[in-house]
Amino acid sequence: MRLVWLTGSLALALLIAVLTLQVPRPSPAGAGATDFSAARAMIDIREIAQRPHPVGSADHARVRALLLQRMQALGLQTSTQTGPLSRGAIRTLERAGGDPAAANYTATNLIGVLPGRNPALPAVALMAHYDTVPDSAGAADDTTGVAAILETVRAIRARGPADRTLVVLLTDAEEIGLDGARVFWGGHPLRDRIGAVVNLEARGGGGRAMMFETGRGNAETITLFGRSAVRAEGGITSNSLAVFVYELMPNGTDFTIPKDRGVQGVNLAFIGRPEQYHAEVSTPDALDQGSVQHIGAQALETADALLRAEALPARTSNVVYADVFGRFVLSHAPATGWLLLLGSVALLSAAAWRARGRAGLTFAEAGRGAVDGLWFLSSGLVVTHFVRLLGGPLSERAESADAYYVLLARLPWLEAGAVLSLLALVLALLGGRTRPDRRVSTGAVAAVAVASTVLGGFNPVMLGAAVLSISLSWFPNLSARSTWGGWTGVIALILVLGFGAQAAAPETAFLFVWPALLATLVAAVVAFVDPGLTRPAALAPIAVAAVLGIGWLIGLGHPVFLGIGMDLPGVLVLLALVGLMFLRPFSPETSAQRPFLMAGLAVLALSAGVSGYARIAEPMPAAVEAPAGD
């Protein structure tokens, strides 16, 4: 019976996640005048992205003239701004085969102004860059951003005059060091009039557009974005975890420059179809038009709301937030996380008290359940790291930019391999991780750790995880023997992680806090309805929570992996551990455990094969193939 509930819950969760991750259908050229139309934007994309147009090329000059003409046709007051290229930009362009001398060692920004009814109000800027790398026509990066802005301006004008002035800023030399943005924000007369920015970017050729960065102190920005952008086709994808992580990353976009000046705003990008990033295949025909629709519609709704807002968002404090299946945004102040955690502790305590009296739960058994969670976490880090390395070296060990782009193209295979490896561990845990001989378990983990070191070099985190996994595998008596013990134990572990995240980085704590609140609420209800976990009245709410919780986690995890999974595949382990909290009650009866273990072994072998196939599907150029262990 539990196997049926488990299978059904996972299938429905996957279905919900797949539906959530879909891009909207592109609107046709005949769409309403006030709506965003990907078909209309594609006309500009096909014209702009005929060929690569890096700084200094003949096509760069062609695109610049074309864009000025298009901006004037939209009724914008146009001008240009030139500034010197930095030494770093010059060197970057020369190494890539470009010719900075042909551009007179300057960047040329294109600026358009649509005056508002009250010029005294702070203006709103729509920003994207129009240069490309020398080897790519850049249909996505960032022709899509430029064309989406042009279509957005057209739709905004169709909606009628706004009080605020709209500034269109198409920057130059972004690909070689953000020089165009530095030139504008470093001294253009309009810069101090701009109170909010909507920036459009891309790293790939498809997928849902994610709002991954805001200005610092984003509470009011998130309120406006959550209220306006959800009206866009396909809803939104955004959460405070992405904002927090991107703040720590060394790379940047044009939005980095105004953000550092204290300007509020949002940064939108899509990162699916990673094989198209800075590649020859990034052509208009290869571009996902649904992605154009998604990023453009969000840009339109956000910019329009800003232009017509009584007051622009001010810098206050950061807020904890995330979208729920793309349809609405949940948010709260960072301190509220403590209250949610305490509420979860109270609910778990009530469930444990009831299960103790009716199902024989003991504190020792719950402790063993927490140990199971630690085993899953440590073993998951070891296994996902190994499976990831089967698909190629980490990006920091790639010997050239060409090798890095090949690794990006392998991401779909690597993600599938990592997810399957975690599913294998879930099946192993549910099937009874103590059933195999402990010498086999510890030997397998040790062998995987050694193989990972050979493939990827020394990794202290992976080594520490391997030591913990081996230690826990050697003592099978530390594994939970009851369903309630395993369930309450893993929930308790998630709450501990939630308290740690809340103390260290509250913007990220929702990843543990929100699912834990759902799980503890269901556990409390089930404990009072049917602590024996035998009737549908008990299993049904658990299944509903599993479908919603795991579906939401998969939707959250996919863009996270595309963003940082190349080097940090272990990030999925934390998401899988949270998902385990919903699946633990479906542990099968003893007689059904062996099939789970066998299935887990088969899925683990499949995960290794899928990740390893990435080397065949996206082969590394022979000249840059890094030997194993280098």
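Computed over heavy atoms, backbone and side chain alike; hydrogens, waters and symmetry mates excluded.
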Kindly write out the residues that satisfy salt bridge (charged side-chain N to carboxylate O under 4.0 Å, His left out) with [X], not counting sequence neighbours, or none if the list is empty.
X	value
R203	none
D35	none
R154	E151
E247	R216, K259

So, do [X] and [Y] sit near enough that their side-chain heavy atoms are less than 4.5 Å apart?
X	Y	value
R315	Q264	yes
F244	N239	no
P258	M127	yes
R231	Q298	no
P559	R208	no
M42	Q289	yes
V168	I111	no
R62	Q50	yes

Query raised in the report: H558 and E415: side-chain donor and acceptor closer than 3.5 Å?
Result: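 Distance-only check passes for H558 and E415.
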
Examine distances only and state if a side-chain atom of [X] and a backbone atom of [Y] form a donor-acceptor pair shorter than 3.5 Å.
X	Y	result
N267	T253	no
Q293	S27	yes
D323	F328	no
S291	L287	no
R164	P122	yes
T143	A140	no
R40	P28	no
R410	G391	yes
S331	V320	no
E201	G145	no

Using every non-hydrogen atom in the two residues, find where [X] and [Y] come nearest and quote the distance to one decimal.
X	Y	result
R227	V230	O-CG2, 3.8 Å
A49	A139	CB-CA, 3.8 Å
L68	S79	CD2-O, 4.4 Å
L411	L562	CD1-O, 3.8 Å
R327	G235	NH1-N, 3.8 Å
Y130	H60	CE1-NE2, 3.4 Å

Rounded at 0.5 Å granularity, tell me how far [atom1] in [X] sits from [atom2] in [Y].
X	Y	atom1	atom2	value
W514	L553	CH2	CG	12.0 Å
Q276	S282	CD	OG	5.5 Å
L150	L74	CG	CG	6.0 Å
L556	L241	CG	CG	6.5 Å
L76	L110	CG	CG	11.5 Å
Y321	T221	OH	OG1	9.5 Å

Under 3.5 Å, which donor-acceptor pairs do the side chains of residues 173-182 form with other protein atoms, sequence neighbours left out?
from: E174; atom 1: OE1; to: H129; atom 2: NE2; distance (Å): 3.1
from: E175; atom 1: OE1; to: H278; atom 2: NE2; distance (Å): 3.1
from: E175; atom 1: OE2; to: H278; atom 2: NE2; distance (Å): 3.4
from: D179; atom 1: OD1; to: S86; atom 2: OG; distance (Å): 3.2
from: D179; atom 1: OD2; to: S86; atom 2: N; distance (Å): 2.6
from: D179; atom 1: OD2; to: S86; atom 2: OG; distance (Å): 3.0
from: R182; atom 1: NH1; to: G177; atom 2: O; distance (Å): 2.1

Under the ring pair (Phe, Tyr, Trp, His ring centres under 6.0 Å) rule, collect the residues that match up with [X], sequence neighbours excluded.
X	value
F255	none
F225	none
W413	Y613

Query - Candidate pair W185 and I194, rule side chain to side chain contact (heavy atoms under 4.5 Å, CB included), full reasoning - result: CA-CA 10 Å; W185 295 100; I194 296 174; 3.8 Å; yes

Query - From L407, L408, D402, residue fulfilling side-chain contact (heavy atoms from CB on, under 4.5 Å) relative to Y404 - result: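 Of the listed options, the one satisfying the test is L408.
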
**Report entry** Any residue meeting side-chain hydrogen bond (donor to acceptor under 3.5 Å, both in side chains) with T152, in chain and number order, not counting sequence neighbours
**Finding:**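 In terms of side-chain hydrogen bond (donor to acceptor under 3.5 Å, both in side chains), with neighbours along the sequence ignored, T152 is linked to no residue.
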
Report task. Check whether more than 12 heavy atoms from other residues, nucleotides or ligands sit under 6.0 Å from atom CZ of R87, and answer yes or no. Result ->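 Atom CZ in R87 is not packed in, count stays at 12 or less.
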
Requested in this report: Answer yes or no: are there more than 12 heavy-atom neighbours, outside R159 itself, under 6.0 Å from its atom CZ?
Outcome: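 Yes.
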
For residues 92-105, please give each side-chain donor-acceptor pair under 3.5 Å, one per line with the distance, not counting sequence neighbours.
from: T92; atom 1: OG1; to: G88; atom 2: O; distance (Å): 2.8
from: D99; atom 1: OD1; to: A101; atom 2: N; distance (Å): 3.2

Report task. Could you list all the salt bridge (Lys or Arg N to Asp or Glu O under 4.0 Å) pairs where at least one residue sits in residues 269-287, not counting sequence neighbours? Result ->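 Qualifying pairs, neighbours excluded: R273-D288.
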
Output side-chain donor-acceptor pairs under 3.5 Å for residues 502-512, partner residues at least two apart or in another chain, one line each.
from: Q502; atom 1: NE2; to: P334; atom 2: O; distance (Å): 2.6
from: T508; atom 1: OG1; to: A505; atom 2: O; distance (Å): 2.8

Query raised in the report: Stepwise, does the side chain to side chain contact (heavy atoms under 4.5 Å, CB included) test hold for L121 with T165?
Result: CA-CA 8 Å; L121 292 175; T165 293; over 6 Å; no

Query raised in the report: R70 and D44: salt bridge (Lys or Arg N to Asp or Glu O under 4.0 Å), yes or no, with the steps?
Result: CA-CA 9 Å; R70 286 286 290 116; D44 286 318; 2.8 Å; yes

Report task. Please step through side chain to side chain contact (heavy atoms under 4.5 Å, CB included) for the pair T144 and F270, ending with a clear verdict. Result -> CA-CA 10 Å; T144 289; F270 52 80; 3.8 Å; yes

Report task. Identify the residue among R64, H188, Q81 that makes a side chain to side chain donor-acceptor pair (under 3.5 Å) with N109. Result ->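 Single pass found, and it is Q81.
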
